[in-house]
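Here is how names work: the chains are called A, B, and so on, in the same order as the sequence lines, proteins then strands, and each is numbered from 1.
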Number of protein chains: 2
Amino acid sequence: MKKGPLETLITGVDTRTSHSQVVDVLGRAIISGEFPVGTILPGDQELAMRFKVSRTVLREAMKTLAAKGLIVPRARIGTRVTARNQWNLFDSDILTWHFHNGIDEDFLTHISEVRMAFEPHAAALAAIHATEVEISHMMRLAVAMGDPAHTPESLAVADLRFHLAVAEASANPFMRSVGSLIEAALVGIFKLSSPAADREGIEDVSRNHIRIVEQISRRDEAGARAAMEVVIRVGRARVRVAMDDTPETVAG
Amino acid sequence: MKKGPLETLITGVDTRTSHSQVVDVLGRAIISGEFPVGTILPGDQELAMRFKVSRTVLREAMKTLAAKGLIVPRARIGTRVTARNQWNLFDSDILTWHFHNGIDEDFLTHISEVRMAFEPHAAALAAIHATEVEISHMMRLAVAMGDPAHTPESLAVADLRFHLAVAEASANPFMRSVGSLIEAALVGIFKLSSPAADREGIEDVSRNHIRIVEQISRRDEAGARAAMEVVIRVGRARVRVAMDDTPETVAG
DNA sequence: ACACGCATATTGTCATATGATATGATTTTT
DNA sequence: AAAAATCATATCATATGACAATATGCGTGT
(Lines give C-alpha, C1' and ligand atoms only; values in the text may rest on other atoms or scores of the structure.)
Protein backbone atom coordinates (compact mmCIF):
# COMPACT_ATOMS: atom_id res chain seq x y z
CA MET A 1 0.00 0.00 0.00
CA LYS A 2 1.74 3.08 -1.22
CA LYS A 3 0.76 6.19 0.64
CA GLY A 4 -0.94 8.71 -1.57
CA PRO A 5 0.35 12.20 -2.06
CA LEU A 6 -2.59 13.86 -0.41
CA GLU A 7 -1.79 12.31 2.90
CA THR A 8 1.70 13.73 2.90
CA LEU A 9 0.25 17.08 2.01
CA ILE A 10 -2.15 17.03 4.90
CA THR A 11 0.09 15.50 7.48
CA GLY A 12 2.93 17.79 6.46
CA VAL A 13 5.89 17.44 4.16
CA ASP A 14 8.35 14.62 4.38
CA THR A 15 11.14 15.89 6.58
CA ARG A 16 13.11 12.74 7.07
CA THR A 17 16.30 13.43 5.22
CA SER A 18 18.27 16.59 5.78
CA HIS A 19 18.26 17.08 2.03
CA SER A 20 14.49 17.37 1.82
CA GLN A 21 14.43 19.68 4.81
CA VAL A 22 16.75 22.13 3.13
CA VAL A 23 14.81 21.87 -0.13
CA ASP A 24 11.62 22.51 1.74
CA VAL A 25 12.79 25.54 3.68
CA LEU A 26 14.57 27.10 0.74
CA GLY A 27 11.69 26.39 -1.61
CA ARG A 28 9.16 27.99 0.71
CA ALA A 29 11.46 30.97 1.24
CA ILE A 30 11.70 31.54 -2.49
CA ILE A 31 8.01 31.05 -3.17
CA SER A 32 7.09 33.40 -0.36
CA GLY A 33 9.37 36.09 -1.71
CA GLU A 34 11.71 36.02 1.24
CA PHE A 35 14.36 35.72 -1.47
CA PRO A 36 12.79 38.02 -4.05
CA VAL A 37 12.71 37.23 -7.73
CA GLY A 38 15.80 38.39 -9.54
CA THR A 39 18.02 38.57 -6.48
CA ILE A 40 21.11 36.51 -5.85
CA LEU A 41 20.90 34.29 -2.86
CA PRO A 42 23.75 33.79 -0.42
CA GLY A 43 26.69 31.66 -1.48
CA ASP A 44 26.99 27.94 -0.95
CA GLN A 45 29.15 28.21 2.10
CA GLU A 46 27.02 30.70 3.95
CA LEU A 47 23.80 28.81 3.26
CA ALA A 48 25.46 25.57 4.29
CA MET A 49 26.40 27.19 7.58
CA ARG A 50 22.98 28.72 8.01
CA PHE A 51 21.26 25.35 7.56
CA LYS A 52 23.93 23.52 9.51
CA VAL A 53 24.55 21.04 6.72
CA SER A 54 27.51 20.22 4.56
CA ARG A 55 28.06 21.97 1.28
CA THR A 56 27.33 18.64 -0.42
CA VAL A 57 23.80 18.51 0.90
CA LEU A 58 23.20 22.15 0.22
CA ARG A 59 24.33 21.84 -3.38
CA GLU A 60 22.13 18.80 -3.95
CA ALA A 61 19.22 20.78 -2.59
CA MET A 62 20.06 23.61 -4.97
CA LYS A 63 20.05 21.20 -7.88
CA THR A 64 16.62 20.01 -6.84
CA LEU A 65 15.31 23.56 -6.82
CA ALA A 66 17.06 24.35 -10.09
CA ALA A 67 15.39 21.32 -11.67
CA LYS A 68 12.03 22.81 -10.77
CA GLY A 69 12.99 26.07 -12.41
CA LEU A 70 13.15 28.19 -9.27
CA ILE A 71 16.80 29.17 -9.46
CA VAL A 72 19.59 29.38 -12.00
CA PRO A 73 23.21 29.12 -10.92
CA ARG A 74 26.00 30.91 -12.74
CA ALA A 75 29.66 30.62 -11.91
CA ARG A 76 31.20 33.65 -10.26
CA ILE A 77 27.84 35.43 -10.33
CA GLY A 78 25.90 33.45 -7.82
CA THR A 79 22.57 31.69 -7.86
CA ARG A 80 19.71 33.84 -9.02
CA VAL A 81 16.00 33.45 -8.30
CA THR A 82 14.28 33.14 -11.67
CA ALA A 83 11.21 35.06 -12.79
CA ARG A 84 7.92 33.66 -11.59
CA ASN A 85 6.76 32.76 -15.07
CA GLN A 86 9.61 30.29 -15.40
CA TRP A 87 8.56 28.28 -12.40
CA ASN A 88 6.98 24.95 -13.13
CA LEU A 89 3.66 25.50 -11.42
CA PHE A 90 2.56 21.94 -12.16
CA ASP A 91 5.21 20.64 -9.83
CA SER A 92 3.59 19.23 -6.75
CA ASP A 93 6.23 20.59 -4.38
CA ILE A 94 5.91 24.10 -5.70
CA LEU A 95 2.14 23.94 -5.29
CA THR A 96 2.54 22.69 -1.77
CA TRP A 97 4.87 25.54 -0.90
CA HIS A 98 2.39 28.00 -2.27
CA PHE A 99 -0.29 26.69 0.03
CA HIS A 100 2.03 26.67 3.00
CA ASN A 101 2.41 30.41 2.62
CA GLY A 102 -1.25 30.87 3.29
CA ILE A 103 -4.15 30.33 0.97
CA ASP A 104 -4.54 33.05 -1.55
CA GLU A 105 -7.90 33.62 -3.17
CA ASP A 106 -6.41 34.59 -6.50
CA PHE A 107 -4.40 31.42 -6.52
CA LEU A 108 -7.45 29.27 -5.90
CA THR A 109 -9.28 31.10 -8.63
CA HIS A 110 -6.46 30.37 -11.05
CA ILE A 111 -6.48 26.72 -10.14
CA SER A 112 -10.20 26.56 -10.64
CA GLU A 113 -9.80 28.07 -14.07
CA VAL A 114 -7.23 25.48 -15.00
CA ARG A 115 -9.40 22.66 -13.74
CA MET A 116 -12.25 24.14 -15.71
CA ALA A 117 -10.12 23.96 -18.83
CA PHE A 118 -8.72 20.54 -18.16
CA GLU A 119 -11.04 18.20 -16.43
CA PRO A 120 -14.12 18.55 -18.59
CA HIS A 121 -11.91 17.76 -21.53
CA ALA A 122 -10.51 14.77 -19.68
CA ALA A 123 -14.03 13.58 -18.94
CA ALA A 124 -14.92 13.88 -22.62
CA LEU A 125 -11.87 11.87 -23.56
CA ALA A 126 -12.77 9.29 -20.95
CA ALA A 127 -16.17 8.96 -22.59
CA ILE A 128 -14.30 7.89 -25.71
CA HIS A 129 -11.51 5.77 -24.31
CA ALA A 130 -12.52 4.41 -20.92
CA THR A 131 -12.66 0.63 -20.64
CA GLU A 132 -15.51 -1.13 -18.87
CA VAL A 133 -13.18 -1.94 -16.01
CA GLU A 134 -12.24 1.69 -15.61
CA ILE A 135 -15.87 2.74 -15.72
CA SER A 136 -16.89 0.39 -12.96
CA HIS A 137 -13.89 1.49 -10.98
CA MET A 138 -14.87 5.13 -11.31
CA MET A 139 -18.42 4.29 -10.36
CA ARG A 140 -17.25 2.54 -7.23
CA LEU A 141 -15.18 5.59 -6.28
CA ALA A 142 -18.07 7.95 -6.92
CA VAL A 143 -20.39 5.88 -4.79
CA ALA A 144 -17.77 5.63 -2.05
CA MET A 145 -17.82 9.41 -1.81
CA GLY A 146 -21.35 9.18 -0.46
CA ASP A 147 -20.37 7.36 2.71
CA PRO A 148 -21.81 9.50 5.52
CA ALA A 149 -18.97 8.40 7.80
CA HIS A 150 -16.52 10.52 5.86
CA THR A 151 -14.28 12.89 7.71
CA PRO A 152 -13.18 15.97 5.81
CA GLU A 153 -9.83 14.32 5.18
CA SER A 154 -11.20 11.01 3.98
CA LEU A 155 -13.64 12.77 1.70
CA ALA A 156 -10.84 14.83 0.19
CA VAL A 157 -8.90 11.63 -0.45
CA ALA A 158 -11.90 9.95 -2.05
CA ASP A 159 -12.50 13.01 -4.16
CA LEU A 160 -8.90 13.04 -5.31
CA ARG A 161 -9.02 9.34 -6.18
CA PHE A 162 -12.05 9.86 -8.35
CA HIS A 163 -10.63 12.73 -10.32
CA LEU A 164 -7.35 10.93 -10.85
CA ALA A 165 -9.27 7.90 -12.10
CA VAL A 166 -11.04 10.05 -14.66
CA ALA A 167 -7.72 11.52 -15.74
CA GLU A 168 -6.35 8.01 -16.08
CA ALA A 169 -9.32 6.86 -18.11
CA SER A 170 -8.82 9.71 -20.54
CA ALA A 171 -5.87 7.72 -21.90
CA ASN A 172 -3.89 10.94 -22.17
CA PRO A 173 -0.82 10.93 -19.93
CA PHE A 174 -0.82 14.70 -19.66
CA MET A 175 -4.22 14.65 -18.06
CA ARG A 176 -2.85 12.33 -15.43
CA SER A 177 0.07 14.68 -14.90
CA VAL A 178 -2.31 17.41 -13.85
CA GLY A 179 -2.97 15.24 -10.84
CA SER A 180 -0.74 17.27 -8.58
CA LEU A 181 -2.74 20.30 -9.49
CA ILE A 182 -6.02 18.62 -8.75
CA GLU A 183 -4.58 17.47 -5.49
CA ALA A 184 -3.56 20.98 -4.53
CA ALA A 185 -6.98 22.28 -5.42
CA LEU A 186 -8.71 19.68 -3.31
CA VAL A 187 -6.48 20.34 -0.35
CA GLY A 188 -7.14 24.03 -0.66
CA ILE A 189 -10.86 23.55 -0.93
CA PHE A 190 -10.93 21.05 1.87
CA LYS A 191 -9.00 23.31 4.20
CA LEU A 192 -11.40 26.13 3.60
CA SER A 193 -14.67 24.33 3.82
CA SER A 194 -15.50 20.69 3.49
CA PRO A 195 -18.82 19.35 2.29
CA ALA A 196 -18.32 16.60 4.84
CA ALA A 197 -19.56 19.09 7.39
CA ASP A 198 -23.16 18.19 6.73
CA ARG A 199 -24.60 14.94 5.50
CA GLU A 200 -26.64 16.60 2.82
CA GLY A 201 -23.48 18.06 1.30
CA ILE A 202 -21.89 14.64 1.05
CA GLU A 203 -24.89 13.18 -0.74
CA ASP A 204 -24.89 16.07 -3.16
CA VAL A 205 -21.23 15.65 -3.98
CA SER A 206 -21.57 11.92 -4.49
CA ARG A 207 -24.60 12.32 -6.74
CA ASN A 208 -22.85 14.87 -8.92
CA HIS A 209 -19.87 12.60 -9.33
CA ILE A 210 -21.99 9.60 -10.16
CA ARG A 211 -23.58 11.61 -12.93
CA ILE A 212 -20.17 12.05 -14.52
CA VAL A 213 -19.63 8.31 -14.64
CA GLU A 214 -23.08 7.76 -16.07
CA GLN A 215 -22.34 10.09 -18.96
CA ILE A 216 -18.98 8.46 -19.55
CA SER A 217 -20.66 5.09 -19.52
CA ARG A 218 -23.14 6.30 -22.14
CA ARG A 219 -20.15 7.44 -24.21
CA ASP A 220 -21.67 10.89 -24.21
CA GLU A 221 -18.76 13.30 -24.58
CA ALA A 222 -20.75 16.50 -24.20
CA GLY A 223 -22.68 15.09 -21.26
CA ALA A 224 -19.53 14.01 -19.46
CA ARG A 225 -18.00 17.40 -20.06
CA ALA A 226 -21.05 19.18 -18.70
CA ALA A 227 -21.31 16.95 -15.65
CA MET A 228 -17.68 17.57 -14.80
CA GLU A 229 -18.15 21.29 -15.21
CA VAL A 230 -20.91 21.20 -12.62
CA VAL A 231 -18.69 19.49 -10.09
CA ILE A 232 -15.88 21.98 -10.52
CA ARG A 233 -18.25 24.91 -10.43
CA VAL A 234 -19.75 23.71 -7.16
CA GLY A 235 -16.31 23.36 -5.62
CA ARG A 236 -15.33 26.81 -6.74
CA ALA A 237 -18.49 28.32 -5.37
CA ARG A 238 -17.85 26.71 -2.02
CA VAL A 239 -14.39 28.20 -1.94
CA ARG A 240 -15.71 31.64 -2.73
CA VAL A 241 -18.30 31.50 -0.03
CA ALA A 242 -15.80 30.25 2.48
CA MET A 243 -13.23 32.89 1.68
CA ASP A 244 -15.53 35.81 1.83
CA ASP A 245 -18.86 35.99 3.55
CA THR A 246 -19.94 38.72 1.16
CA PRO A 247 -19.00 37.30 -2.23
CA GLU A 248 -19.00 40.10 -4.76
CA THR A 249 -20.21 37.91 -7.59
CA VAL A 250 -21.54 34.45 -6.92
CA ALA A 251 -22.89 34.08 -10.41
CA GLY A 252 -20.08 32.21 -12.10
CA MET B 1 18.42 39.68 -24.97
CA LYS B 2 17.66 36.43 -23.26
CA LYS B 3 17.68 33.45 -25.55
CA GLY B 4 14.31 31.77 -25.78
CA PRO B 5 13.73 28.15 -24.94
CA LEU B 6 12.84 27.15 -28.47
CA GLU B 7 16.29 28.02 -29.75
CA THR B 8 17.94 25.71 -27.29
CA LEU B 9 15.52 23.01 -28.31
CA ILE B 10 16.37 23.35 -31.97
CA THR B 11 20.05 23.89 -31.63
CA GLY B 12 20.34 21.11 -29.10
CA VAL B 13 20.50 20.94 -25.35
CA ASP B 14 22.93 22.87 -23.23
CA THR B 15 25.89 20.58 -22.73
CA ARG B 16 28.34 22.94 -21.13
CA THR B 17 28.72 21.54 -17.66
CA SER B 18 29.38 17.90 -17.02
CA HIS B 19 26.41 17.93 -14.68
CA SER B 20 23.94 18.78 -17.42
CA GLN B 21 25.52 16.23 -19.72
CA VAL B 22 24.93 13.46 -17.24
CA VAL B 23 21.38 14.67 -16.59
CA ASP B 24 20.73 14.72 -20.27
CA VAL B 25 22.05 11.27 -21.07
CA LEU B 26 20.43 9.66 -18.04
CA GLY B 27 17.15 11.46 -18.63
CA ARG B 28 16.96 10.35 -22.22
CA ALA B 29 17.89 6.81 -21.26
CA ILE B 30 15.06 6.67 -18.77
CA ILE B 31 12.49 8.25 -21.05
CA SER B 32 13.42 5.93 -23.88
CA GLY B 33 12.99 2.91 -21.66
CA GLU B 34 16.64 1.94 -21.77
CA PHE B 35 16.25 1.82 -18.02
CA PRO B 36 12.72 0.41 -17.86
CA VAL B 37 10.11 1.64 -15.44
CA GLY B 38 10.25 -0.11 -12.11
CA THR B 39 13.81 -1.30 -12.43
CA ILE B 40 16.69 -0.30 -10.21
CA LEU B 41 19.46 1.49 -11.98
CA PRO B 42 23.12 0.83 -11.30
CA GLY B 43 24.67 2.12 -8.10
CA ASP B 44 26.25 5.52 -7.68
CA GLN B 45 29.77 4.29 -8.05
CA GLU B 46 29.21 2.29 -11.18
CA LEU B 47 27.31 5.09 -12.90
CA ALA B 48 29.98 7.57 -11.86
CA MET B 49 32.58 5.34 -13.48
CA ARG B 50 30.47 4.81 -16.56
CA PHE B 51 30.05 8.55 -17.10
CA LYS B 52 33.62 9.29 -16.08
CA VAL B 53 32.55 11.82 -13.47
CA SER B 54 32.87 12.03 -9.72
CA ARG B 55 30.22 10.59 -7.50
CA THR B 56 29.38 14.16 -6.44
CA VAL B 57 28.40 15.17 -9.94
CA LEU B 58 26.51 11.97 -10.49
CA ARG B 59 24.50 12.40 -7.33
CA GLU B 60 23.64 15.99 -8.17
CA ALA B 61 22.42 14.77 -11.53
CA MET B 62 20.31 12.14 -9.77
CA LYS B 63 18.77 14.82 -7.58
CA THR B 64 17.87 16.78 -10.67
CA LEU B 65 16.12 13.77 -12.16
CA ALA B 66 14.46 12.96 -8.85
CA ALA B 67 13.12 16.51 -8.68
CA LYS B 68 11.41 15.94 -12.00
CA GLY B 69 9.82 12.76 -10.69
CA LEU B 70 11.71 10.29 -12.88
CA ILE B 71 13.45 8.35 -10.13
CA VAL B 72 13.11 7.68 -6.44
CA PRO B 73 16.14 6.78 -4.32
CA ARG B 74 15.87 4.50 -1.33
CA ALA B 75 18.69 3.58 0.99
CA ARG B 76 20.03 0.08 0.67
CA ILE B 77 17.54 -0.64 -2.15
CA GLY B 78 18.89 1.52 -4.89
CA THR B 79 17.38 4.14 -7.15
CA ARG B 80 14.22 3.04 -8.87
CA VAL B 81 12.68 4.37 -12.07
CA THR B 82 9.19 5.57 -11.17
CA ALA B 83 6.00 4.77 -13.02
CA ARG B 84 5.33 6.89 -16.07
CA ASN B 85 2.27 8.50 -14.57
CA GLN B 86 4.42 10.07 -11.87
CA TRP B 87 6.61 11.92 -14.34
CA ASN B 88 6.04 15.62 -14.60
CA LEU B 89 5.20 15.79 -18.29
CA PHE B 90 5.00 19.57 -18.14
CA ASP B 91 8.68 19.78 -17.45
CA SER B 92 10.45 21.19 -20.45
CA ASP B 93 13.42 18.85 -20.18
CA ILE B 94 11.24 15.78 -20.06
CA LEU B 95 9.37 16.92 -23.12
CA THR B 96 12.62 17.57 -24.92
CA TRP B 97 13.85 14.08 -24.12
CA HIS B 98 10.65 12.62 -25.43
CA PHE B 99 11.16 14.33 -28.75
CA HIS B 100 14.78 13.32 -28.91
CA ASN B 101 13.68 9.72 -28.92
CA GLY B 102 11.84 10.21 -32.16
CA ILE B 103 8.50 11.80 -32.75
CA ASP B 104 5.61 9.63 -31.80
CA GLU B 105 2.22 10.22 -33.36
CA ASP B 106 0.33 9.31 -30.21
CA PHE B 107 2.40 11.76 -28.25
CA LEU B 108 1.66 14.58 -30.66
CA THR B 109 -2.00 13.71 -30.53
CA HIS B 110 -1.94 13.92 -26.75
CA ILE B 111 -0.24 17.29 -26.88
CA SER B 112 -2.81 18.54 -29.33
CA GLU B 113 -5.57 17.44 -27.00
CA VAL B 114 -3.99 19.32 -24.14
CA ARG B 115 -3.57 22.44 -26.23
CA MET B 116 -7.18 22.09 -27.29
CA ALA B 117 -8.19 22.06 -23.64
CA PHE B 118 -5.89 24.85 -22.57
CA GLU B 119 -5.32 27.49 -25.14
CA PRO B 120 -8.90 28.30 -26.09
CA HIS B 121 -9.56 28.83 -22.41
CA ALA B 122 -6.49 31.04 -22.19
CA ALA B 123 -7.72 33.06 -25.15
CA ALA B 124 -11.08 33.49 -23.49
CA LEU B 125 -9.41 34.69 -20.31
CA ALA B 126 -7.27 37.04 -22.35
CA ALA B 127 -10.43 38.53 -23.79
CA ILE B 128 -11.36 39.42 -20.24
CA HIS B 129 -8.05 40.49 -18.77
CA ALA B 130 -5.72 41.61 -21.55
CA THR B 131 -4.53 45.20 -21.33
CA GLU B 132 -4.44 47.43 -24.39
CA VAL B 133 -0.66 47.20 -24.40
CA GLU B 134 -0.82 43.43 -24.42
CA ILE B 135 -3.35 43.43 -27.21
CA SER B 136 -1.24 45.60 -29.47
CA HIS B 137 1.73 43.45 -28.64
CA MET B 138 -0.12 40.30 -29.63
CA MET B 139 -1.30 41.97 -32.81
CA ARG B 140 2.25 42.89 -33.72
CA LEU B 141 3.34 39.29 -33.17
CA ALA B 142 0.47 37.92 -35.24
CA VAL B 143 1.26 40.27 -38.09
CA ALA B 144 4.94 39.41 -37.87
CA MET B 145 4.03 35.80 -38.56
CA GLY B 146 3.00 36.83 -42.05
CA ASP B 147 6.47 37.88 -43.14
CA PRO B 148 7.11 35.84 -46.31
CA ALA B 149 10.82 35.80 -45.55
CA HIS B 150 10.23 33.35 -42.71
CA THR B 151 12.28 30.22 -42.54
CA PRO B 152 10.65 27.24 -40.85
CA GLU B 153 12.68 27.99 -37.73
CA SER B 154 11.88 31.67 -37.54
CA LEU B 155 8.21 30.98 -38.13
CA ALA B 156 8.17 28.44 -35.32
CA VAL B 157 9.76 31.02 -33.03
CA ALA B 158 7.24 33.68 -34.03
CA ASP B 159 4.44 31.21 -33.51
CA LEU B 160 5.69 30.35 -30.05
CA ARG B 161 6.05 34.01 -29.11
CA PHE B 162 2.46 34.65 -30.04
CA HIS B 163 1.02 31.78 -28.08
CA LEU B 164 3.08 32.66 -25.03
CA ALA B 165 1.86 36.23 -25.28
CA VAL B 166 -1.72 35.01 -25.21
CA ALA B 167 -0.98 32.85 -22.20
CA GLU B 168 0.58 35.83 -20.50
CA ALA B 169 -2.40 38.03 -21.28
CA SER B 170 -4.73 35.49 -19.69
CA ALA B 171 -3.42 36.74 -16.34
CA ASN B 172 -3.34 33.18 -15.10
CA PRO B 173 0.20 32.04 -14.22
CA PHE B 174 -0.68 28.40 -14.90
CA MET B 175 -1.48 29.18 -18.48
CA ARG B 176 1.95 30.67 -18.87
CA SER B 177 3.45 27.55 -17.33
CA VAL B 178 2.07 25.46 -20.14
CA GLY B 179 4.52 27.31 -22.32
CA SER B 180 7.01 24.49 -22.36
CA LEU B 181 4.30 22.23 -23.66
CA ILE B 182 3.31 24.64 -26.38
CA GLU B 183 6.93 24.96 -27.26
CA ALA B 184 7.32 21.22 -27.59
CA ALA B 185 4.24 21.02 -29.73
CA LEU B 186 5.49 23.73 -32.06
CA VAL B 187 8.86 22.12 -32.40
CA GLY B 188 7.22 18.80 -33.16
CA ILE B 189 4.93 20.32 -35.72
CA PHE B 190 7.69 22.34 -37.27
CA LYS B 191 9.94 19.33 -37.64
CA LEU B 192 7.24 17.41 -39.42
CA SER B 193 5.95 20.00 -41.77
CA SER B 194 6.24 23.73 -41.69
CA PRO B 195 3.71 26.07 -43.24
CA ALA B 196 6.70 28.20 -44.16
CA ALA B 197 7.19 25.83 -47.05
CA ASP B 198 4.77 27.77 -49.22
CA ARG B 199 3.91 31.42 -49.10
CA GLU B 200 0.21 30.77 -49.09
CA GLY B 201 0.56 28.73 -45.91
CA ILE B 202 2.29 31.59 -44.14
CA GLU B 203 -0.44 34.04 -45.04
CA ASP B 204 -3.07 31.62 -43.84
CA VAL B 205 -1.38 31.11 -40.51
CA SER B 206 -0.92 34.80 -39.95
CA ARG B 207 -4.54 35.57 -40.83
CA ASN B 208 -5.83 32.95 -38.43
CA HIS B 209 -3.72 34.34 -35.62
CA ILE B 210 -4.77 37.88 -36.30
CA ARG B 211 -8.36 36.78 -35.97
CA ILE B 212 -7.66 35.63 -32.42
CA VAL B 213 -6.36 39.04 -31.47
CA GLU B 214 -9.35 40.72 -33.05
CA GLN B 215 -11.72 38.68 -30.93
CA ILE B 216 -9.71 39.38 -27.81
CA SER B 217 -9.74 43.06 -28.65
CA ARG B 218 -13.52 42.93 -28.98
CA ARG B 219 -13.62 41.30 -25.54
CA ASP B 220 -15.51 38.44 -27.12
CA GLU B 221 -14.71 35.37 -25.02
CA ALA B 222 -16.51 32.84 -27.17
CA GLY B 223 -15.06 34.33 -30.33
CA ALA B 224 -11.52 34.24 -29.01
CA ARG B 225 -12.00 30.67 -27.91
CA ALA B 226 -13.31 29.64 -31.31
CA ALA B 227 -10.54 31.44 -33.19
CA MET B 228 -7.91 29.72 -31.09
CA GLU B 229 -9.54 26.37 -31.67
CA VAL B 230 -9.24 26.89 -35.40
CA VAL B 231 -5.52 27.56 -35.15
CA ILE B 232 -4.85 24.48 -33.09
CA ARG B 233 -7.05 22.32 -35.30
CA VAL B 234 -5.15 23.44 -38.39
CA GLY B 235 -1.83 22.63 -36.76
CA ARG B 236 -3.05 19.22 -35.74
CA ALA B 237 -4.35 18.47 -39.21
CA ARG B 238 -1.01 19.39 -40.71
CA VAL B 239 0.75 17.03 -38.34
CA ARG B 240 -1.59 14.20 -39.24
CA VAL B 241 -1.12 14.70 -42.93
CA ALA B 242 2.62 14.87 -42.53
CA MET B 243 2.81 11.74 -40.42
CA ASP B 244 0.62 9.62 -42.60
CA ASP B 245 -0.11 10.21 -46.25
CA THR B 246 -3.39 8.39 -45.86
CA PRO B 247 -4.96 9.96 -42.78
CA GLU B 248 -7.73 7.71 -41.53
CA THR B 249 -9.87 10.54 -40.23
CA VAL B 250 -9.13 14.15 -41.01
CA ALA B 251 -12.42 15.32 -39.67
CA GLY B 252 -11.52 16.35 -36.14
C1' DA C 1 40.91 56.56 -24.51
C1' DC C 2 41.24 51.89 -25.41
C1' DA C 3 42.49 47.18 -25.01
C1' DC C 4 44.45 43.77 -22.59
C1' DG C 5 45.29 40.92 -18.75
C1' DC C 6 45.17 39.65 -13.98
C1' DA C 7 43.21 39.30 -9.19
C1' DT C 8 39.20 37.52 -7.12
C1' DA C 9 34.92 35.48 -5.79
C1' DT C 10 31.69 32.00 -6.78
C1' DT C 11 30.10 27.85 -8.66
C1' DG C 12 31.79 23.26 -10.50
C1' DT C 13 34.32 19.03 -9.77
C1' DC C 14 36.98 15.69 -7.36
C1' DA C 15 38.50 12.05 -3.77
C1' DT C 16 37.81 9.88 0.46
C1' DA C 17 35.76 8.78 4.79
C1' DT C 18 31.93 7.93 7.81
C1' DG C 19 26.92 7.59 9.09
C1' DA C 20 22.05 5.96 8.25
C1' DT C 21 19.02 2.58 6.60
C1' DA C 22 16.69 -1.43 4.89
C1' DT C 23 17.34 -6.20 3.32
C1' DG C 24 18.25 -10.97 4.01
C1' DA C 25 20.63 -14.42 6.51
C1' DT C 26 21.43 -16.09 11.14
C1' DT C 27 20.41 -17.01 15.63
C1' DT C 28 17.43 -17.32 19.43
C1' DT C 29 13.10 -18.14 21.51
C1' DT C 30 8.60 -20.16 21.86
C1' DA D 1 9.04 -26.30 13.44
C1' DA D 2 7.58 -21.56 13.40
C1' DA D 3 8.20 -17.01 14.72
C1' DA D 4 10.72 -13.32 16.51
C1' DA D 5 14.94 -10.98 17.44
C1' DT D 6 19.69 -10.09 16.03
C1' DC D 7 23.44 -9.13 13.01
C1' DA D 8 26.14 -8.64 8.60
C1' DT D 9 26.02 -6.10 4.50
C1' DA D 10 25.09 -3.25 0.57
C1' DT D 11 23.42 1.10 -0.82
C1' DC D 12 22.30 5.76 -0.34
C1' DA D 13 23.19 10.07 2.77
C1' DT D 14 26.36 13.26 4.66
C1' DA D 15 30.76 15.40 5.70
C1' DT D 16 35.27 17.42 4.67
C1' DG D 17 38.93 19.57 2.19
C1' DA D 18 41.03 20.54 -1.94
C1' DC D 19 41.41 22.12 -6.68
C1' DA D 20 39.49 23.63 -11.33
C1' DA D 21 36.64 26.53 -14.27
C1' DT D 22 34.43 30.73 -15.04
C1' DA D 23 32.96 35.42 -15.26
C1' DT D 24 33.42 39.98 -13.31
C1' DG D 25 35.69 44.23 -12.72
C1' DC D 26 39.64 46.61 -11.75
C1' DG D 27 44.09 48.12 -12.98
C1' DT D 28 47.73 48.56 -16.07
C1' DG D 29 50.15 49.62 -20.19
C1' DT D 30 50.14 51.49 -24.67
By a strict heavy-atom criterion of less than 4.0 Å, which residues belonging to residues 58-67 of chain A are in contact with DNA chain D?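 Of all residues in residues 58-67 of chain A, none places a heavy atom under 4.0 Å from DNA chain D.
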
Does a side-chain heavy-atom distance below 4.5 Å link B:F51 with B:L26? yes

Side-chain touch B:M62/B:P73, heavy atoms, less than 4.5 angstrom: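 B:M62 does not reach B:P73 side chain to side chain.
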
Would you say A:H121's side chain and B:F118's backbone share a donor-acceptor pair under 3.5 angstrom?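 Not confirmed, A:H121 side chain does not pair with B:F118 backbone.
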
Tell me if a side-chain donor or acceptor on A:R80 pairs with a main-chain N or O of A:G38 at a distance below 3.5 Å.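 Side chain of A:R80 to backbone of A:G38: a pair is present.
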
Atom CZ in A:R115, atom CG in A:L186: separation rounded to 0.5 Å?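 CG of A:L186 is found 5.0 Å from CZ of A:R115.
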
Each nucleotide in nucleotides 16-23 of chain C should get exactly one letter: B, S or -. Can you fill that in based on protein heavy atoms under 4.0 Å? -B---BBB

If I take atom [atom1] in residue [X] and atom [atom2] in nucleotide [N], what distance separates them, rounded to the nearest angstrom?
X     : N      : atom1 : atom2 : answer
B:H19 : D:dT22 : NE2   : P     : 16 Å
A:L41 : C:dT10 : CG    : C1'   : 12 Å
B:K52 : C:dT13 : NZ    : P     : 17 Å
B:D44 : D:dA10 : CG    : C1'   : 12 Å
B:R80 : D:dC12 : CZ    : P     : 12 Å

Looking only at side-chain N and O atoms, does A:S54 come under 4.0 Å of OP1 or OP2 in D:dT16?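 A:S54 to D:dT16 OP1/OP2: no side-chain N or O under 4.0 Å.
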
Nearest atoms (heavy-atom pairs only) where B:H19 meets B:V57: CA-CG1, 4.0 Å

List for me each residue that meets ring-ring contact (aromatic ring centres under 6.0 Å, His included) alongside B:H98, sequence neighbours excluded, and say none if there are none.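 Listed in chain order: B:F107.
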
Take B:D91 and A:F90 through the side-chain contact (heavy atoms from CB on, under 4.5 Å) test and state the conclusion after the steps. CA-CA 8 Å; B:D91 180 277; A:F90 291 87; over 6 Å; no

